[in-house]
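Labels below follow one simple rule: chain letters A, B, ... track the order of the sequence lines, proteins then strands, and each chain is numbered from 1.
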There are 2 protein chains.
Amino acid sequence: MKKLLLLAALLPSFLAAQPFGDSAERLRESALADDRLAWGILEGLTTEVGPRLAGTEAEERAREWAVRKLTELGFANVHVEPFELQVWVRGAERAEIVSPYPQPLTITALGNSGATATRGIEADVIGFDSVDELESASDSAVRGKIVFVTHNMTPTQDGSGYGQFGAPRRQGPSIASRKGAAAILVRSIGTDYHRNPHTGVQTFAEGVRPIPAGALSIPDAEQLQRILGRGRPVRMRLTLTPRQLGRGRSGNVVAEVPGTDPQAGVILIGGHLDSWDLGTGAVDNAAGVAITVAAAHRIMQSGQPRRTIRIVLFGAEEVGVLGGTAYFERHRNDGDVVLVAESDFGADRIWRINHALAPANEGLGNRIAALVAPLGIVRGTTAANAGADLGAWARAGVAAIDLNQDGTRYFDYHHTPDDTLDKVDPLQLRQNVAAWTAMLSAAASSAEPIERTSR
Amino acid sequence: MKKLLLLAALLPSFLAAQPFGDSAERLRESALADDRLAWGILEGLTTEVGPRLAGTEAEERAREWAVRKLTELGFANVHVEPFELQVWVRGAERAEIVSPYPQPLTITALGNSGATATRGIEADVIGFDSVDELESASDSAVRGKIVFVTHNMTPTQDGSGYGQFGAPRRQGPSIASRKGAAAILVRSIGTDYHRNPHTGVQTFAEGVRPIPAGALSIPDAEQLQRILGRGRPVRMRLTLTPRQLGRGRSGNVVAEVPGTDPQAGVILIGGHLDSWDLGTGAVDNAAGVAITVAAAHRIMQSGQPRRTIRIVLFGAEEVGVLGGTAYFERHRNDGDVVLVAESDFGADRIWRINHALAPANEGLGNRIAALVAPLGIVRGTTAANAGADLGAWARAGVAAIDLNQDGTRYFDYHHTPDDTLDKVDPLQLRQNVAAWTAMLSAAASSAEPIERTSR
């Protein structure tokens, strides 16, 4: 935590001394100075529910927790919109080098991984530096082997490495299965040096037989590379016994701050309630739940806004954006949503704002950018994409705003056992709430219509 | 690794440009500039052997590895001195809160922990802030419960917190057992915020029944505290199935750089070869093995020294300094050892030197302190203690020198799965070899007798 407080000390410290301006500025300053609600939600959800894998009883407890909390806080129209999903759960997870250098390796199964026999499998290991290298290997070189694929992901502030370097996890299992591999292990799609492997979803391509698919922690991936680098045949024993449980139930939790003008449209915000099972999902994504709920609550407390603010806490994001997709499919033709914004990238300070607004809303975009600039937030030049759960709205032409968190250390924790409460810095969390409160205040009260974008 | 290289950049960079002086200075500069042997030994032992728990087949492979390496390097009199020990091995390890907030917690067994039934036990949890608080609790409050004890260990450069804050691990299990506890869990004796619990030895007091004794990772310990803090009864299911395997075998690996003058006495140095089973024992203590062997090898390569340098790579240090004790008992009356020095605190830069020298050797002490000062090493004011494996020699009146490594991050890794090669910074490792080489050069060549201390 000491390191985190140090980071927080980098927040602009002159802010507290600034005189209050208009209402959005006052709300922003007040959130920065004293918000406790976001921390309370984050601490409560991660402590009283803990891990909450999609489709499990734990995710159901998270929905109950959220409904209770949102109701207590005075939000309107609090309800759950259920949907069905295929449920996958983790089993036993063990890997060990049998020869030439016997030792255990730390692994975890990737989402939708197939299973080994209960007693495990034993096979030779073949290593690749990329999925391209795996793709160009002959089937006979791969058949019956345990494939290992590495990559070179490095931390970036905008998190852009995750897409490019995530290919071993997303595409590797299907490619390896097509070539007849016994199993596949990837270097965790992450940036830390701890013995905590990163899980994450992957989906076998149509017609491809599911094989056991796991991630090695980064120290273990490098250990395996060193061992393979000795040039002697490497034999591994691998046990992964996850199961597909069949159809189950998830749901989106919805709450509203009702607006005064039903014709002005709805601002749709949120994060996701489910988490991977390994940690307590603090940065991914109790933080997004906490930030969006706390900001909307501040708007509600300051008086009824012109536009309705609707919070959706999505279910089953981690296993394939199922809650976001279900919500979009159910409500895409309601015609009331005019702006979307999502928080799903931890709780480190927001460093950049991106817009996807119609030309007619340039003034609104400028006002919001100016409102968050005192928090040290730069204006970006990329179109907002509204994240995983709300991206479909932006792609369909609804206006969007992204408040981008600093992702430098996000992939140290995300999808690992290390995603726990202690990874969130309370002061940086407040900066998030302040930025969201300012943005919502301006967007919910603006007199001009919020138009669809040209996309 | 990027962080580690940053730390290394703080090493005095002007050194490479200094003109060479006498032989010890030349040896020091050359080690700092280009030592690769220490890294090679560290990388080899952690990769080709991996974890090497005392008394196991893995520790035996480590001895074979070390004998082969020391022989290849040209050391004299390479041999193993075997001894027997009681062997304890880890079993299944699981903990979960049953109510009020069902969730798993990450634990590991402490050395010599007793076992639960295979199917585990279930009991209420009672929490204490210290072993003193546990000690003053009534037996009836503790009986049948799972005891949890926390502490407030914080990183220090000299590592001094480990003794004081380690009481829950060392004394807690015996106190809890005497009071009739079903089991005890302690907050890991460590300083990191990762889901990697710290194991470590504890020995049940005479006549005390062994109970299951484990450590929670620090995030898990704080999670349990938050849950206990809600004031509702906390029920836990705990499975720990370690076993005592009976008598087994360990050994000390010995090698020498023979001196020209048999009357001048032996300089006895070393580290320990065994490690805990959770990691690959890079900082604890392949690093000490690598540093002392590399430094002695540099002396050997530069010409035969006056005094014999004897390296002992001790077995079974982690489980109770068994190798160090066996060596001392066997050789205490040989009468040849005149100076002892141990490396067993990782491989971060040496920041301080402490002596325990007779008044007649003040000049030698001053020369050595001056030789290492250009490496940024300050002269301390505490008597050297020669560490765990060689401390008995210092206590018996043999002269000793401590080259103290920076311990600020040592207890982030030690005794955890995270003790792996990537935690060692190659540049800081070289600074260690440089300091050891300079010290050994001066001590092995000095014309004056090295006297016993007055202690």
By a 4.5 Å heavy-atom criterion (distance strictly below it), what part of [X] contacts chain A: side chain, backbone, both, or neither?
| X | result |
| --- | --- |
| B/Thr106 | neither |
| B/Glu43 | both |
| B/Thr47 | both |
| B/Ile218 | neither |
| B/Asp418 | both |

Original post:
chain B: which of A/Arg195, A/Gln223, A/Gln103, A/Arg61 shares the most heavy-atom pairs with it under 4.5 Å?
Top reply: A/Arg195
Original post:
Would a line drawn from the ring center of A/Phe411 to the ring center of A/His198 be shorter than 6.0 Å?
Top reply: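 No, ring centres 6.0 Å or more apart.
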Original post:
Taking B/Glu57, B/Arg52, B/Arg226 one by one, which has the highest count of heavy-atom pairs under 4.5 Å against chain A?
Top reply: B/Arg226
Original post:
Based on non-hydrogen pairs under 4.5 Å, which of B/Gly50, B/Gly279, B/Pro102 is most in contact with chain A?
Top reply: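 Ranked by contacts with chain A, first place is B/Pro102.
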**OP:** Evaluate the criterion salt bridge (Lys or Arg N to Asp or Glu O under 4.0 Å) for residue pair A/Arg249 and A/Glu60; output intermediate values, then yes/no.
**Re:** CA-CA 8 Å; A/Arg249 197 176 156 107; A/Glu60 187 177 339; over 6 Å; no
Original post:
Between atom CH2 of A/Trp88 and atom CG of A/Leu53, what is the distance when rounded to the nearest 0.5 Å?
Top reply: 7.5 Å
**OP:** Evaluate whether atom CZ of B/Arg36 has more than 12 neighbouring non-hydrogen atoms of other residues, nucleotides or ligands under 6.0 angstrom away.
**Re:** no
**OP:** Determine the minimum heavy-atom distance between B/Thr239 and B/Thr118, stating which atoms define it.
**Re:**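 Distance-wise, the nearest heavy atoms are CG2-O, 3.5 Å.
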**OP:** For the pair B/Glu64 and B/Arg68, find out whether any cationic side-chain nitrogen is under 4.0 Å from an anionic carboxylate oxygen.
**Re:**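 Salt bridge between B/Glu64 and B/Arg68, a charged N being under 4.0 Å from a carboxylate O: no.
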